[in-house]
*Asks:* 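Here's a structure for you.
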Amino acid sequence: MSTSVEPVAATAVRARGLGKRYGSRWALRDCAFDLPAGRVAALVGANGAGKTTLLTVLAGLLDADEGSAGAVGRVAFVSQEKPVYRHFTARDVLRLGARLNVVWDGDRARRWLERFEVPLDQACGRLSGGRQAQVAFALALGSRPDVLLLDEPLANLDPLARREVTAELLGEVAATGMTVVLSTHVVAELSGVADHLLLLAHGRLLAGGDLDDLLGRHVTYTGPRSDVPPALGGVVEARHSDNQSTFLVELPEGRPRPVVAGPWVERPPTLEDYVLAQLGATRNEAGA
Ligand code: ATP
């Protein structure tokens, strides 16, 4: 008889009891998670939730005040400002990358710039914000990171470029097995891209884990105006109009999935449904 053992992916990024404060105010508190290698994690949360702080700690640019956090292997971080030297051309930036990085893949960096039609010989300061961002991505990818940390990578990009960047990033993940953590406010554009979620609220990790698992434990019910959902579960969000109610419910663990009858209609929540419901719930609690 042979037994097969599911391979367990190694952890690429880990936090344990992580806390970081600025002066007396905690920006992060009690954060704990394991992100397996090869995943693409969406780091989401309201303004000021602590996303940039978490990425900066993971990048090793800020020390934790409590607990620990770290990433395994070579780490590249593209900050929100995506700084590039204004007087350098993209070609100069790649030369600098070759000098500064012990491991450097110039072809990979150049391919990224060609893919996004970034001129190599124009001063970066004269490139559009979106193209400057592409130079910063190329520099990061050229360093062949095992873990790529991106703070709001889609912010300066037009809608088509956003789609292309996310698709190209997925291609890079598939080709290299690198792990990506990217913070964003444009959650809808991450469905089909992210397979892991880190959801921060007021510096704490509100939800985290494999996205299929997380979304699979939730269901959205829509039906006639009602104060309660048609099946048992934890109500994450309830929305009502005059004659209709919609509930996002966390299904109870260890019980068979409930079957609801018409007129109620159920559907799986999207990543955006789930994130907005969770953020709405924390805002209501904070305001209560
Ligand atoms: P956003 O979505 O607006 O970029 P964020 O989730 O990235 O926000 P952070 O920038 O990490 O959040 O900020 C978390 C908290 O820490 C906020 O309350 C912020 O005001 C505070 N903070 C961030 N940087 C500093 C700093 N250098 N000095 C003092 N407080 C800071």
Side-chain angles (χ1 to χ4, degrees), residues 13-33 35 39-71 75-84 129-130 132-133 136-137 140 145 147-159 161-162 165-166 169 179-191 193-194 196-209 211 214 271-288:
V13 183
R14 168 171 293 176
R16 287 286 176 276
L18 173 64
K20 173 70 204 168
R21 62 166 188 248
Y22 297 106
S24 60
R25 279 197 56 185
W26 290 93
L28 287 176
R29 203 85 205 259
D30 283 336
C31 290
F33 63 88
L35 177 62
R39 295 302 198 93
V40 178
L43 174 58
V44 297
N47 289 129
K51 303 181 294 296
T52 298
T53 304
L54 176 58
L55 289 172
T56 314
V57 172
L58 293 177
L61 300 176
L62 266 181
D63 289 333
D65 290 307
E66 259 182 10
S68 62
V75 179
F77 176 42
V78 181
S79 75
Q80 210 159 359
E81 295 77 30
K82 304 180 185 65
V84 287
Q132 290 184 24
F137 294 148
V147 176
L148 179 59
L149 307 171
L150 303 171
D151 200 0
E152 289 284 351
L154 308 177
N156 288 320
L157 304 176
D158 68 58
R162 283 180 188 176
V165 163
T166 49
L169 272 178
T179 308
V180 179
V181 183
L182 60 94
S183 75
T184 186
H185 290 292
V186 270
V187 181
E189 292 178 30
L190 285 189
S191 59
V193 178
H196 203 97
L197 180 69
L198 297 170
L199 177 57
L200 282 178
H202 309 296
R204 290 174 191 263
L205 195 66
L206 192 65
L211 215 44
L214 212 58
L271 172 60
E272 190 178 25
D273 292 337
Y274 177 76
V275 166
L276 291 180
Q278 288 285 7
L279 294 182
T282 57
R283 184 166 295 171
N284 293 342
E285 271 168 32

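Just so you know, ligand 1 is whichever comes first in the structure, and atom 1 is the first atom listed for that ligand.
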*Asks:* Measure from every N or O atom of ligand 1 to the protein's N or O atoms and keep only the pairs below 3.5 Å, writing each with atom names and distance to 0.1 Å.
*Replies:*
{"from": "ligand 1", "atom 1": "2 (O)", "to": "N47", "atom 2": "ND2", "distance (Å)": "3.2"}
{"from": "ligand 1", "atom 1": "2 (O)", "to": "K51", "atom 2": "NZ", "distance (Å)": "2.7"}
{"from": "ligand 1", "atom 1": "2 (O)", "to": "H185", "atom 2": "NE2", "distance (Å)": "3.1"}
{"from": "ligand 1", "atom 1": "3 (O)", "to": "N47", "atom 2": "ND2", "distance (Å)": "3.0"}
{"from": "ligand 1", "atom 1": "3 (O)", "to": "G48", "atom 2": "N", "distance (Å)": "3.4"}
{"from": "ligand 1", "atom 1": "6 (O)", "to": "A49", "atom 2": "N", "distance (Å)": "3.1"}
{"from": "ligand 1", "atom 1": "6 (O)", "to": "G50", "atom 2": "N", "distance (Å)": "2.9"}
{"from": "ligand 1", "atom 1": "6 (O)", "to": "K51", "atom 2": "N", "distance (Å)": "2.9"}
{"from": "ligand 1", "atom 1": "6 (O)", "to": "K51", "atom 2": "NZ", "distance (Å)": "2.8"}
{"from": "ligand 1", "atom 1": "7 (O)", "to": "T52", "atom 2": "N", "distance (Å)": "2.9"}
{"from": "ligand 1", "atom 1": "7 (O)", "to": "T52", "atom 2": "OG1", "distance (Å)": "2.8"}
{"from": "ligand 1", "atom 1": "8 (O)", "to": "G48", "atom 2": "N", "distance (Å)": "2.8"}
{"from": "ligand 1", "atom 1": "11 (O)", "to": "T53", "atom 2": "N", "distance (Å)": "2.9"}
{"from": "ligand 1", "atom 1": "11 (O)", "to": "T53", "atom 2": "OG1", "distance (Å)": "2.5"}
{"from": "ligand 1", "atom 1": "12 (O)", "to": "G50", "atom 2": "N", "distance (Å)": "3.2"}

*Asks:* Any side-chain heavy atom of L271 sitting closer than 4.5 Å to one from V44?
*Replies:* no

*Asks:* Consider side-chain contact (heavy atoms from CB on, under 4.5 Å). Of L54, L149, L200, L55, which one does S183 pass it with?
*Replies:* L55

*Asks:* Apply the test side-chain contact (heavy atoms from CB on, under 4.5 Å) to residues L169 and V193: give CA-CA distance (whole Å), side-chain angles for both, the deciding distance (0.1 Å), then the verdict.
*Replies:* CA-CA 9 Å; L169 272 178; V193 178; 5.9 Å; no

*Asks:* Before accepting this row, confirm whether a basic side-chain N of the pair E66/R21 lies closer than 4.0 Å to the acidic partner's carboxylate O.
*Replies:* no

*Asks:* Looking at V13, V180, L58, which one forms a side-chain contact (heavy atoms from CB on, under 4.5 Å) with L35?
*Replies:*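 Exactly one candidate clears the test, V13.
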
*Asks:* So do the side chains of N47 and H185 get within less than 4.5 Å of each other, counting heavy atoms only?
*Replies:* yes

